[in-house]
There are 2 protein chains.
Amino acid sequence: MTVTIKDIAETANVSIATVSRVLADKEGFYSEKTATKVRQTAEKLGYRKNTAAVELVTQRSQVIGVIVSATKTNFANDIIAGIQDEAFKHNLSVIILYAGESDVDQQHRALQTVIERSVMGILILAIRPADADIAMLRAANIPHVFLSTSFDSQQLPFIGSDDFRIGYQATDFLIKKGHKKIGIAAIDRHSYIGTQRILGFQRAMADHDLPTKPEWIQDGKFTYDDGVEAMTTYGAQTELDAVIGTSDLAAIGVMNQAVAFGLSVPDDLAIMSIDGTQMVKIVRPQITSVTQSFYKMGNRGMKMMLQRDMDKFESQYTPFRIDERDST
Amino acid sequence: MTVTIKDIAETANVSIATVSRVLADKEGFYSEKTATKVRQTAEKLGYRKNTAAVELVTQRSQVIGVIVSATKTNFANDIIAGIQDEAFKHNLSVIILYAGESDVDQQHRALQTVIERSVMGILILAIRPADADIAMLRAANIPHVFLSTSFDSQQLPFIGSDDFRIGYQATDFLIKKGHKKIGIAAIDRHSYIGTQRILGFQRAMADHDLPTKPEWIQDGKFTYDDGVEAMTTYGAQTELDAVIGTSDLAAIGVMNQAVAFGLSVPDDLAIMSIDGTQMVKIVRPQITSVTQSFYKMGNRGMKMMLQRDMDKFESQYTPFRIDERDST
DNA sequence: CTGAAAGCGCTTACAG
DNA sequence: CTGAAAGCGCTTACAG
């Protein structure tokens, strides 16, 4: 039914070894004459390479596995684009698996799938797996990099933003605009990213001798609803004069609720977001953002993967910048 | 280096056949006693199944290939979620490949990749491949379904919305709200979807004896910028009293430009969008939308795939509804 | 430049 | 319930 190199070999009157060489472009191992004959026969017969066989015999696949937090699809798309473009250049396929950010089961299965598939590399976006899964990942001996996260430990290679500096600079930016009472909304204290941003925020406030109150920091998981909720908690009469939303959607949630309260942005309340995806440009007023280099994270992640040697992987921060728009 | 079933067989003192059966849960083919021994040994040795070998010998993969238009990431995420959830239930992996909507080269390579990988099914989102590629797809004899598109021909199985009815009902909705001069923005006349929506629009206008002008229909590719451009062309003094944006982003583009012109939405100009993703809820005013069932498209697409027999594939429309919000 | 042969890791009739 | 053996489609030393 399906045509194999054996079929080609027979009709072209050569050995399967030769067919294999020609089709894999092992230059120098065949004459142009046979090559042409083989290629034409392959074409005529409608031959398709069997990837499973190739991967079995070569012991490595041309596949990159990407595990994505299902709830982070907003910026994940940019990271994936960065991965995809680089993968495309090197003729690599990309398997994408979605897993809930806190669904350990799904994460485990996703990881297991890519490992059993012997992918050549694993990229993990915005997820911090359970310790058992991290152990499994290491045991598998497959190069892997964490994207859009960072860790305190140097053990796990990551490419992300320096979240302490993000927190610091966002706050500093607002302070320099004259704000003194600044909230930070929808932040996950249980994540390393969250704690780093809070530390940065607090340091910036302290550096300017500004006091803070615990309730200015509102917990959440970076979602739109968390943003709305944070603003609801701050209330219409809030003493705050600025709020940092810890994601674009969170910031938009804050803004919509603020406006619903009758507050004017930025006059009554300045709003800033962290991420800087397309979102912040399509709302009105457009939101000033700390813009992260998501595309670059994906791109660099792939390039790191290509080195193959995990020992050489070095965690790194991608640059970010502040884009001032109309909400501050 | 990597441990295989042979290693397990040796240390557990059974044949590889038995190991294979136990690990594949071929019940009835082994005693619980051996099973336990085998499983423990596998665990102890840190065994990982080699998917390439399995796929080679079983002649079929547990992978679904999804080819996505890179520019449609907005609603594609919902479709993918629908695919992913169903795939997860059946223990299938999903390979996602992005390809430019009009980048024939990328499309060809993406298709080739999934075919060579002998995936068990191919789902194509919002892309209409070149004829040559469609021929290749068919020759590959792999079940495939087109999602979020429709065709005039019955040859290609698709799951999408009835775009004629979408165009008709959106227009009809606005007319019943009292609007008489309605524009349709950022629509691609060269796509089947585009022409269908336009036909629906025209039919609805005709059914209500309302005249239309050609310039009320503004070309585009469903993007935000196309929406802005369409509104710019209509102008601040436009005679239109309502505009249908042919995607959420396009509608937001229209709205932002209208507001920039000093028009009030919905009083001076009513705006409606087609898609109904999260986008329309985070902008102010929230936009009334024709809401498509993207998740369901993905889900049904996967279920269709699972039947495996392409002859039974029947193109179908997923439901849509109108969600009234504040822009009309 | 070309071919015969071994082997990648697994599954599955077939025989017991 | 278990094992020996064939075979999936390909690559790659090795020998010529």
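Sequence lines set the chain letters: A, B, ... in the order given, protein chains first and strands last, and positions in each chain run from 1.
Counting only heavy atoms from C-beta on, R21(B) has its side chain closest to dG3(D) among dG3(C), dG3(D), dG9(C). For I16(A), taking side-chain heavy atoms from C-beta onward, the closest of the listed nucleotides dG3(C), dC10(D), dG9(C) is dC10(D). Across dT12(D), dC10(D), dT2(C), the shortest atom-to-atom separation from the side chain of T18(A) is found for dT2(C). For V54(B), the side-chain atoms get nearest to dT11(C) when compared with the rest of dT11(C), dT11(D), dA4(C). With dG9(C), dG9(D), dT2(C) as the choices, the nucleotide that has an atom nearest any side-chain atom of T4(A) turns out to be dG9(D).
In this structure, CD1 of I5(A) is placed 10 Å from P of dG9(D), rounded to the nearest angstrom. What separates CZ of R117(A) from P of dG9(C) is a distance of 17 Å, to the nearest Å. Protein atom NZ of K49(B) is 11 Å distant from nucleotide atom C1' of dT11(C), rounded to whole Å. In this structure, N50(A) atom CG and dG9(D) atom C1' are separated by 6 Å, rounded to whole Å. One can place CZ of R48(B) at 16 Å from C1' of dG9(C), the figure rounded to the nearest angstrom. As a whole-Å value, the separation of L23(A) CG from dC10(D) P is 9 Å. Regarding Q62(B), its CD atom lies at a distance of 14 Å from the C1' atom of dC10(C), rounded to whole Å. Atoms OH (Y30(B)) and P (dT2(D)) sit 11 Å apart, rounded to a whole Å.
Base pairing analysis places dA13(D) opposite nothing; no Watson-Crick or G-U wobble pair with both distances below 3.5 Å involves it. When both pairing distances are held under 3.5 Å, dA4(D) makes no Watson-Crick or G-U pair with any nucleotide shown.
Comparing S31(B) and A52(A), the nucleotide of DNA chain D nearest to each residue sits closer to the 5' end for S31(B). Take the nearest nucleotide of DNA chain C for L56(B) and for K26(B): the residue whose nucleotide is more 5' is L56(B).
Residues Y317(A) and F158(A) place their aromatic rings such that the two centres sit under 6.0 Å apart.
Considering only side-chain N and O atoms, Q59(B) lies nowhere under 4.0 angstrom from the phosphate OP1 or OP2 of dT11(C). The side chain of T58(A) contributes no N or O atom lying less than 4.0 Å from OP1 or OP2 of dT12(D). Side-chain nitrogen and oxygen atoms of T34(A) include none within less than 4.0 Å of the OP1 or OP2 phosphate oxygen of dC1(C). Taking side-chain N and O atoms only, Y47(A) has a distance below 4.0 Å to OP1 or OP2 of dC10(D).
For the pair D7(B) (side chain) and T4(B) (backbone), a donor-acceptor distance under 3.5 Å is present. Judged purely by atom type and a 3.5 angstrom limit, T113(A) uses its side chain to pair as donor or acceptor with the backbone of R109(A).
Residue S20(B) is in base contact, counting any heavy-atom pair closer than 4.0 Å across all strands shown. Among the atoms of the strands shown, none is found under 4.0 Å from any heavy atom of K6(B). Across all strands shown, F29(B) has heavy atoms under 4.0 Å from base atoms, whether or not it also approaches the sugar-phosphate.
Rounded to the nearest Å, the gap between the P atom of dA6(C) and that of dT2(C) is 23 Å. Taking atom P in both dC1(D) and dA5(D), one finds a spacing of 24 Å when rounded to whole Å.
Under the 4.5 Å side-chain criterion, counting only non-hydrogen atoms from C-beta, V145(B) is not in contact with M310(B).
Salt bridge present: R39(A) and E32(A) bring a charged side-chain N and a carboxylate O closer than 4.0 Å.
Ring orientation note: the planes of F75(B) and F294(B) are close to parallel, at an angle under 30° on the 30°/60° scale.
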